[in-house]
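The structure appears below as structure tokens.
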Amino acid sequence: MKKEVKVGVIGGSGLEKLVEGRELNVITPYGNVRLILGKLGECPIAFIARHGLKHEIPPHRVNYRGNIWALKKVGVKYIIASNAVGGIREGLKPGDLIVPHDFIDFTKKRPLTFYEGPKVKHVDMTLPYCPKLRKILIESAEKHFKRVWREGIYVCTEGPRFETPAEIKMFRLLGADVVGMTTVPETILAKEMSICYATLCVITNYAAGMQDKISAEEVSEIMEKRIPIIAEIFKDCAARLLIEE
Ligand code: HPA
């Protein structure tokens with residue numbers, strides 16, 4: 001690898017075309033991963049569209065290990081991610097932004113670790129998301145948008161179906177604020193690779209049972225509305241990371 005890229009961006013639903021640049025095929029133990037080497041403002045970044053450039057990869061089939069491995073391989077120290085989520089906690093509204101500080105894992109059948117043995121590793125998850133990057137992300141977000149929630153607990157489901165109202169009721173009782181399908185295992189794998197990781201989530205709908213029904217179209221529509229703001233926030237954030245130690 002010639003030149004290292006310090007900042008990685010993993011774009012969730014709707015952010016497939018956030019960055020344009022040169023495509024790089026990275027060989028990993030989990031298959032080949034396509035990165036886009038481009039720029040966000042003045043900051044060189046390595047970009048991955050989590051769901052593929054044509055939004056063809058469902059949440060339970062994302063190559064999470066390959067993606068994180070590939071970003072590590074090109075030298076990434078920070079990953080800024082985005083996810084679409086449903087709002088569970090009262091007061092959260094579609095269109096709001098939230099930077100989770102913790103998660104609850106309700107996924108069922110995804111590989112969750114790089115450490116399948118013989119080496120056994122138990123990674124510390126006391127601070128699941130990188131506090132330093134969360135702070136920068138929150139400050140950048142608040143510069144560009146009013147409705148930013150500074151913390152929240154993200155419950156991650158297996159998908160690709162949306163939840164039932166009974167599941168949402170349970171998640172609320174457990175203390176979850178938002179629900180999505182992609183922060184696990186991405187956050188865990190970044191931790192295992194010692195990459196500083198945080199995510200900016202867009203609340204695209206009220207969670208199941210809190211509105212008539214949920215459609216993928218409404219999720220994309222709200223996400224699309226927020227793309228220009230997310231781009232500005234990420235630009236700002238990347239510029240600050242560039243000068244960080
Ligand atoms: N549930 C799970 N994932 C989601 C949702 C939801 O309500 N909205 C956007 N992604």
Side-chain angles (χ1 to χ4, degrees), residues 9-18 48-52 54-64 67 80-110 112 128-129 137 141 145 147-149 151-188 197-227 229-230 233-234:
V9 174
I10 302 182
S13 298
L15 286 156
E16 293 82 25
K17 301 211 167 56
L18 183 70
I48 291 181
R50 189 187 288 116
H51 298 288
K54 297 189 190 105
H55 202 273
E56 70 279 17
I57 311 166
H60 63 297
R61 307 215 45 196
V62 171
N63 184 2
Y64 295 99
N67 289 351
I80 318 168
S82 75
N83 308 78
V85 293
I88 297 177
R89 196 204 322 160
E90 210 165 301
L92 304 185
K93 288 204 183 93
D96 289 359
L97 303 179
I98 184 163
V99 181
H101 69 288
D102 205 345
F103 70 76
I104 301 173
D105 180 10
F106 266 89
T107 64
K108 295 190 170 85
K109 53 167 194 170
R110 309 174 183 188
L112 295 169
Y129 299 93
L137 196 48
F145 196 64
R147 292 192 60 90
V148 180
W149 299 89
E151 55 175 42
I153 297 176
Y154 178 140
V155 60
C156 192
T157 59
E158 184 65 24
R161 68 168 175 86
F162 290 114
E163 301 69 38
T164 66
E167 286 169 333
I168 294 299
K169 217 181 216 174
M170 172 183 72
F171 294 149
R172 187 179 299 113
L173 288 173
L174 293 178
D177 299 307
V178 293
V179 57
M181 304 175 191
T182 46
T183 208
V184 176
E186 208 167 85
T187 317
I188 303 167
Y197 176 103
T199 182
L200 178 67
C201 298
V202 180
I203 299 169
T204 54
N205 55 279
Y206 294 105
M210 298 170 68
Q211 60 177 50
D212 273 357
K213 63 183 172 90
I214 303 167
S215 72
E217 290 72 27
E218 101 186 89
V219 170
S220 320
E221 200 181 300
I222 301 284
M223 208 58 201
E224 208 143 292
K225 255 198 196 153
R226 288 288 169 264
I227 290 174
I229 286 166
I230 295 175
I233 295 169
F234 280 13

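Every number for a ligand or one of its atoms is a count from 1 in the order of the listing. By convention here, the first residue in the shown sequence is residue 1. The structure presented is a predicted model; accordingly, all values stated were derived computationally and were not measured.
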Looking only at non-hydrogen atoms, the one of I222, V202, N205, V85 nearest atom 7 (O) of ligand 1 is N205
Minimum-distance protein heavy atom relative to atom 9 (C) of ligand 1: T204 OG1, 3.3 Å
Taking 4.0 Å as the limit for heavy-atom contacts, which would you say applies to V179 with ligand 1: side chain only, backbone only, both, or neither? both
For E163, counting its heavy atoms only, list the atoms of ligand 1 lying under 4.0 Å from any of them. 1 (N), 2 (C), 6 (C), 7 (O)
Nearest-0.5 Å distance that lies between atom CG in L137 and atom OH in Y129: 11.5 Å
Do K169 and E163 pass the salt bridge (Lys or Arg N to Asp or Glu O under 4.0 Å) test, and can you show the C-alpha distance, the side-chain angles, and the key distance before you say yes or no? CA-CA 10 Å; K169 217 181 216 174; E163 301 69 38; over 6 Å; no
Checking a contact table here: which protein heavy atom is nearest atom 10 (N) of ligand 1, and how many Å away? A84 O, 3.2 Å
Under 3.5 Å between any N/O of T157 and any N/O of ligand 1: does that happen in this structure? no
Any side-chain to backbone donor/acceptor pair from Y154 onto M181? Under 3.5 Å, distance only. yes
For atom 5 (C) of ligand 1, what is the nearest protein heavy atom, given as residue, atom name and distance? G86 N, 3.5 Å
Where the side chain of T107 meets the backbone of R110, is there a donor-acceptor pair that is under 3.5 Å apart? no
For atom 3 (N) of ligand 1, the closest protein heavy atom turns out to be G180 CA, 3.4 Å
For residues 84-96, dump all side-chain donor-acceptor pairs below 3.5 Å to protein atoms at least two apart in sequence or in another chain.
unit_1, atom_1, unit_2, atom_2, d
R89, NE, D177, OD1, 2.8
R89, NH2, E151, O, 3.4
D96, OD1, R147, NE, 2.6
D96, OD2, K93, N, 2.9
D96, OD2, R147, NE, 3.3
D96, OD2, R147, NH2, 3.1
D96, OD2, W149, NE1, 2.9

Enclosure of Q211 CD (heavy-atom neighbours >12, cutoff 6.0 Å): yes
